[in-house]
Amino acid sequence: MEQSIPSAYGAPAEASVAHDNNTTPTSKIWQVITASSVGTVIEWYDFYIFGSLATIIGPVLFGSKGKIEDTLLGALAVFGAGFVVRPFGAVFFGRIGDMIGRKYTFLLTLLIMGGATFVTGLIPSYDKIGLAAPAIVVVLRLLQGLALGGEYGGATTYVAEYAPDNKRGYYTSFIQITATAGLFLSVLVILATRKILGEDAFKEYGWRIPFLLSGILIVASYYIRRKLAESPLFAKAKAEGKTSTNPLRESFVNPVNRRLVLIALFGATMGQGVVWYTGQFYAYSFMLSTLKMSIVDAAIVLCTALALATPFFVYFGSLSDRIGRKKIIMAGLLCGAVFTVPIFHGLQAFAGPLTEKTAAVPATVDAAGAAVAAVPAVMQSASPQLLPMILLTFCLVLFVTMAYGPIAAYLVELFPTKVRYTSLSLPYHIGNGVFGGFVPFIATSLTVWAAAQPEGTFTKEHSTLMGLAYPVIIALVCFIIGSLYMKDVRNVKLMDDQPSAAA
């Protein structure tokens, strides 16, 4: 049963609220979208480099003599640390954005993110400085998480407050592309660097280059962004003295606004987060670590699927302007819950059997009589069929576009201008950062646990797919909550002269 909940503007939200378009020229809107998107792509690029290089960075941070599984889990845990603090970044920078301005805030987050990424490329290995290596990286990941927690809300709010009311889903969908574009760019840069330097040089020092490249990208993006003016709605509210003096209290203490925040989290962003990270990030990790595909083949599958599916972010964002946000988001969550396991099973089948890339080396003794440990064979997928794997991965990313494309417009329309940055940022970053961001770590942990079970058990026989239980359950729970409690609002006029739900 669909519940009628109050909108952030005081009155019950109708299925569709028609208003005249804003008067902002289209050329100005595209200037805003370009400047916001470029910076956001680079921030996502910075954030995903670490996860994309987890298998290489793990031994660097935790010692080259550690078990591969342990160093991988360690790297993924450090990667996940950045997601844990994203909600804190959302609150901290959201408050600044609602009190001081959108432009100033996402300039600050850009510099913090870029600086932390650049320094990561300079850190000595564990073999040289011991525990200081992972400790420094954890601090840098926390800074990245804080910065990213403020970035998305700023960019989304900024674009939405320029966009016409009846095309808000369309225009904000271009911001939704940036996360996928950032992952796409990180994979391409890593692949190009790896091919140019060669495998040995890349593992020794070349992995640092994608991190250091961030410094150049951030400077260029900062130059573009600093030319932008403040959003017209916020500038008007500030000139009239209508900005919030306590966005945190108005966002989370008032029961009406707090209920909207909880519905946004558990009815939309939580499920959208796990669908996103499963369909794109974990799929890539699965191809590399579980299916043992070469990095070139895995990159071809992922990048081709991303390129084919990316236009659907805009399609579903635009469609939500006509038929509503809710039904598209719910369809994406349901597809993710129902079809993820069969699709990953198909990826495994089309990857082909594993063969020995290098032969195992038995245990021996050296010249001094000391024991030399056995070296297991390095396995690799024998003959992956790339075309069907691309099609299956495309389906995963298509579910992402359905759940993610309209969600920015949905979140923006829930909350008034004076607390919009803070109110939408927190549920988004808890849903994506905590529930979604830990998909690689939790799924990999479940897979390792299942593989260690006794022979003949169900978990042992299906160990490679056991990790998918987490995102499937979360997506299904979110679908149920969203179907019951989300209101299908669209094309709301973003005004503050009506009573706020947070008031």
Side-chain angles (χ1 to χ4, degrees), residues 7-9 13-41 94 97-98 101-103 105-106 151-179 181 224-225 227-238 264 268 310-326 328-329 401 404-425 428 488-498:
S7 75
Y9 306 95
E14 301 296 332
S16 178
V17 183
H19 291 284
D20 292 335
N21 290 359
N22 295 344
T23 57
T24 307
T26 302
S27 59
K28 179 63 177 179
I29 296 175
W30 283 113
Q31 179 186 351
V32 167
I33 290 173
T34 301
S36 301
S37 298
V38 168
T40 308
V41 166
D98 282 328
R102 286 53 164 133
K103 174 188 171 181
T105 306
F106 68 32
E151 167 65 24
Y152 177 82
T156 300
T157 301
Y158 192 75
V159 171
E161 290 178 349
Y162 269 101
D165 297 323
N166 64 348
K167 291 187 177 181
R168 189 170 297 117
Y170 170 70
Y171 284 119
T172 57
S173 67
F174 289 92
I175 293 296
Q176 303 305 88
I177 292 174
T178 59
I224 294 172
R225 278 191 172 185
K227 293 184 175 183
L228 295 176
E230 186 55 80
S231 93
L233 283 182
F234 183 83
K236 180 176 182 292
K238 193 168 186 178
T310 292
F312 286 91
F313 284 106
V314 178
Y315 171 74
F316 287 119
S318 179
L319 184 63
S320 75
D321 288 327
R322 302 192 297 274
I323 69 171
R325 328 289 188 202
K326 175 181 174 178
I328 300 173
I329 296 172
T401 66
Y404 199 45
I407 208 166
Y410 165 72
L411 292 174
V412 164
E413 292 173 342
L414 276 181
F415 308 106
T417 301
K418 64 179 180 178
V419 293
R420 181 170 296 125
Y421 200 144
T422 303
S423 294
L424 77 84
S425 293
Y428 175 82
D488 210 352
V489 180
R490 68 182 186 275
N491 305 341
V492 170
K493 189 169 182 61
L494 302 185
M495 297 173 61
D496 268 334
D497 55 355
Q498 299 179 42

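The analysis underlying the following values was restricted to heavy atoms, covering all of them including side chains, and did not include hydrogens, waters or symmetry mates.
Counting only heavy atoms from C-beta outward, the side chains of Leu414 and Leu424 never approach each other to under 4.5 Å. The closest side-chain heavy-atom distance from Ile329 to Ser320 is not below 4.5 Å.
Annotation: the span from Ile175 atom CD1 to Tyr404 atom OH amounts to 9.5 Å, rounded to 0.5 Å. Rounded to the nearest 0.5 Å, atoms OG1 (Thr178) and CD1 (Ile33) are 11.5 Å apart.
Partners of Ser173 according to the side chain to side chain contact (heavy atoms under 4.5 Å, CB included) rule, which considers only residues two or more places apart in sequence or in another chain, are Val314. The ring-ring contact (aromatic ring centres under 6.0 Å, His included) search around Phe174 returns Trp30, Tyr170, not counting sequence neighbours. Every residue was checked against the side-chain hydrogen bond (donor to acceptor under 3.5 Å, both in side chains) condition with Thr34, not counting sequence neighbours, and none meets it. With sequence neighbours excluded, the residues that form a side chain to side chain contact (heavy atoms under 4.5 Å, CB included) with Ala409 are Arg168, Thr172, Arg325. Residues satisfying the side-chain hydrogen bond (donor to acceptor under 3.5 Å, both in side chains) test with Tyr171, not counting sequence neighbours, are none.
Shown here for Pro406 and Thr401, the closest heavy-atom pair between the two residues is CD-O, 4.0 Å. Taking every heavy atom of both residues into account, Asp321 and Gly169 meet most closely at OD1-N, 2.8 Å. When all heavy atoms of Gln176 and Ile407 are compared, the closest pair comes out as NE2-CG2, 3.3 Å.
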